[in-house]
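Order of appearance sets the numbers: ligands from 1, and atoms from 1 within every ligand.
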Amino acid sequence: MRSSVSEASVRTPQHVAIIMDGNGRWAKQQGKVRMEGHRQGSSRVRDVVEWALDAGVKQVSLYAFSTENWKRPKLEVTALMTLLATLLPLEISRMNEKGARLLTLGDLSKLPWLARKAIQKTKHGTAQNKKIDLILCLNYGGQQEIVDGVQDFCRAWHAQGCSEDQLNMLSVDQFASYLPRKDVLPVDLLIRTGGERRISNFHLWDAAYAELYFTDCLWPDFSREDLQLALDDFAGRERRFGQTSEQVQGMESE
Ligand code: FPP
């Protein structure tokens, strides 16, 4: 049986996740310090959300700072946090104009106070928007997210006096409800710029069936055309979710 979901909506990813890699190399190419690459990269954040909105995407999540990025030179970490703290609140009115809501993934408690305050202000100022979500992943790691979910699950089941039988019946959907976030859709398309071909602990749970797209383009150079190339590539993929090609194409009903 053919799905009743329209062809167009199947062909447009609802959730696009991006690993914004290549800021440092971009800066080096330009003879600039690494931070200039991050600064230039941060202007692409606003662009990509607006291009995605035009394309009909509902959520864009961006890997802005991983649990491993704390290992970077202290100066670079401080500069990235300062960039967040200064730029985010400046985007509130533009985000409201476009209907973009800010969400976050990751443990914000470890971020400097100024960055947390800016995030809170921007989240609060955009909470009513419904057209697109910008999900900033900050101090985020896919493995940590799953561990946090396991901890919460164990706490809840311990408190409820969990039996072995109940444990054996735990489903994927039930466990997912313990992951420390809400409103996040499964990742349909995961893009990594900068030429590396790995997912670096990003969205390990939500990207279970994501289509992966790698481009050599460095993040600060990422353009509307580059996003469109990724969306076109996605539109040409056959998403089978474990089924056969014949089943997906409606040639077999069972
Ligand atoms: C990876 O490039 C990039 C990051 C670790 C940081 C990404 C952060 C931004 C683009 C700024 C976000 C800002 C806001 C306001 C949301 P890299 O430094 O590893 O590049 P390289 O591999 O070329 O060295």
Protein contact of [atom] - nearest heavy atom, named by residue and atom, plus distance:
atom	value
atom 10 (C) of ligand 1	Asn23 ND2, 3.4 Å
atom 3 (C) of ligand 1	Met20 O, 3.2 Å
atom 6 (C) of ligand 1	Ala64 O, 3.5 Å
atom 5 (C) of ligand 1	Asn69 OD1, 3.6 Å
atom 13 (C) of ligand 1	Ser42 CB, 3.6 Å

Does any N/O atom on [X] come nearer than 3.5 Å to any N/O atom on ligand 1?
X	value
Asp21	yes
Arg72	yes
Gly22	yes
Arg34	yes
Trp219	no
Gly24	yes

message: Quick one, Asp107 and Leu138 - any side-chain contact, counting heavy atoms below 4.5 Å?
response: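 Of all side-chain heavy-atom pairs linking Leu138 with Asp107, none is under 4.5 Å.
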Nearest candidate to atom 4 (C) of ligand 1, where distance is taken over non-hydrogen atoms, out of Glu76, Glu68, His38: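 The residue whose heavy atom sits nearest atom 4 (C) of ligand 1 is His38.
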Looking at [X] and [Y], does any basic side-chain N land under 4.0 Å from a carboxylate oxygen?
X	Y	result
Glu91	Arg94	no
Arg34	Glu36	no
Asp21	Arg192	yes
Arg101	Asp183	yes
Asp148	Arg181	no
Arg224	Glu50	no

message: Any atom of ligand 1 sitting under 4.0 Å from a heavy atom of Leu88?
response: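 No; Leu88 lies far enough from ligand 1 that no heavy-atom distance drops under 4.0 Å.
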- request: Run the contact test for Gly194 against ligand 1 with a 4.0 Å cut-off on heavy atoms, strictly below, and give the result.
  value: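 It does not, in that no heavy atom of Gly194 comes within the 4.0 Å cut-off of ligand 1.
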query: Among His15, Gln14, Arg239, which one satisfies side-chain hydrogen bond (donor to acceptor under 3.5 Å, both in side chains) with Asp188?
result: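 Among the candidates, only Arg239 passes.
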- prompt: Are His203 and Glu145 close enough that a side-chain donor and a side-chain acceptor fall under 3.5 Å?
  reply: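 Judged by distance alone, the side chains do not pair up.
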